[in-house]
Amino acid sequence: MAAVAYNGKPRTPDVVVDETWFSDPEVCKQSKLWYVLSKTLAEDAAWKFAKEKSIDMVTINPAMVIGPLLQPTLNTSAAAVLSLIKGAQTYPNATLGWVNVKDVANAHIQAFEVPSASGRYCLVERVLHYSKLVNTVHELYPTFELPEKKKRKTWVLSSSH
């Protein structure tokens, strides 16, 4: 969703972010969102290349991906959750989109196998504030010491709807 949701438009609860949105590189640069900028430029370059070479391309744009890991290292999304249970004093004041890794894998299979698949697909199962994530982790693992306060500054690196 990094290549989708950062264009300077407000993202209030009544706004629907969909596949027609594209992150604006200038907005990314001004906000110093380098990860978001890299994803935005990479997708733009891929679309240009596909058009030049007449390649049928589909993009899958997931939000924060969570679920079982295949690799022994953490991905960005799992690391974000782990930071909550490893002694963080505060949690980000951010609302993020989340999607299950199994749904992301299935979307890739569908993009390959379904002939009518085309364009961009945004994958977000649910959107929730970090406070809800902290509450959910606490309900599942009541012995974990979790942060009780949110950070003052809003965290925008990966927040998306």
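Because the structure is a prediction, the values reported are computed rather than measured.
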State whether the number of non-hydrogen atoms from other residues, nucleotides or ligands found under 6.0 Å of [X] atom [atom1] is greater than 12.
X	atom1	value
Glu125	CD	yes
Glu148	CD	no
His138	NE2	no

Nearest-0.5 Å distance that lies between atom [atom1] in [X] and atom [atom2] in [Y]:
X	Y	atom1	atom2	value
Lys9	Asp24	NZ	CG	10.0 Å
Lys48	Lys51	NZ	NZ	10.5 Å
Met57	Phe49	CE	CZ	10.5 Å
Thr40	Trp34	OG1	CH2	12.0 Å
Arg126	Asn100	CZ	CG	10.0 Å

Is [Y] close to [X] at the side-chain level, that is, under 4.5 Å between some pair of heavy atoms?
X	Y	result
Val58	Tyr121	yes
Ile85	Val137	yes
Val124	Met1	yes

Shortest non-hydrogen contact from [X] to [Y]?
X	Y	value
Leu84	Leu146	O-CD2, 3.5 Å
Gln71	Asn75	NE2-N, 4.0 Å
Trp21	Val4	CB-O, 3.4 Å
Glu139	Pro142	O-CD, 3.9 Å
Arg11	Ala5	NE-O, 3.4 Å
Ile60	Ala107	CD1-O, 3.9 Å

Review point. For Phe144, which residues count as a ring pair (Phe, Tyr, Trp, His ring centres under 6.0 Å) partner, sequence neighbours excluded?
Key: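 Only Tyr141 meet the ring pair (Phe, Tyr, Trp, His ring centres under 6.0 Å) criterion with Phe144.
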Review point. Going through the checks in order, is the side chain to side chain contact (heavy atoms under 4.5 Å, CB included) test met by Val127 and Leu96?
Key: CA-CA 5 Å; Val127 175; Leu96 304 172; over 6 Å; no
Check your understanding: Between Leu123 and Asn61, does a side chain to side chain contact (heavy atoms under 4.5 Å, CB included) hold up when you go through it step by step?
Key -> CA-CA 6 Å; Leu123 303 180; Asn61 297 64; over 6 Å; no
**Study point:** salt bridge (Lys or Arg N to Asp or Glu O under 4.0 Å) partners for Lys32, two or more places apart
**Key:**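 With neighbours one apart ignored, the set is empty.
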Are [X] and [Y] connected, step by step, through hydrophobic side chains (Ile, Leu, Val, Met, Phe, Trp, Tyr) whose heavy atoms are closer than 4.5 Å?
X	Y	result
Trp47	Phe112	no
Leu133	Val65	no
Leu69	Val104	no
Leu74	Leu70	no
Leu128	Leu82	yes

Exercise for review: Show your reasoning for whether side chain to side chain contact (heavy atoms under 4.5 Å, CB included) applies to Lys29 and Leu37.
Suggested key: CA-CA 7 Å; Lys29 289 175 190 175; Leu37 178 62; 3.8 Å; yes
Review point. Using 30° and 60° as the class limits, which term best fits the ring planes of Tyr130 and Trp98: parallel, tilted or perpendicular?
Key: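 It falls in the perpendicular class, over 60°.
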Exercise for review: Decide side chain to side chain contact (heavy atoms under 4.5 Å, CB included) for Leu41 and Asp44; before the verdict, give the C-alpha distance in whole Å, the side-chain angles of both, and the deciding distance to 0.1 Å.
Suggested key: CA-CA 5 Å; Leu41 296 176; Asp44 183 57; 5.5 Å; no
State whether the side chain of [X] and the backbone N or O of [Y] hold a donor-acceptor pair below 3.5 Å, judged by distance alone.
X	Y	result
Ser77	Met64	no
Ser31	Cys28	no
Ser23	Ala2	yes
Glu113	Ala111	no

**Study point:** Test side-chain contact (heavy atoms from CB on, under 4.5 Å) applied to Glu19 - qualifying residues, sequence neighbours left out
**Key:**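 side-chain contact (heavy atoms from CB on, under 4.5 Å) check on Glu19 returns Arg120, Cys122.
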Point to revise | CA sep, side-chain torsions, deciding dist, call: Thr20, Asp18, side-chain hydrogen bond (donor to acceptor under 3.5 Å, both in side chains) | key: CA-CA 5 Å; Thr20 65; Asp18 64 21; 2.5 Å; yes
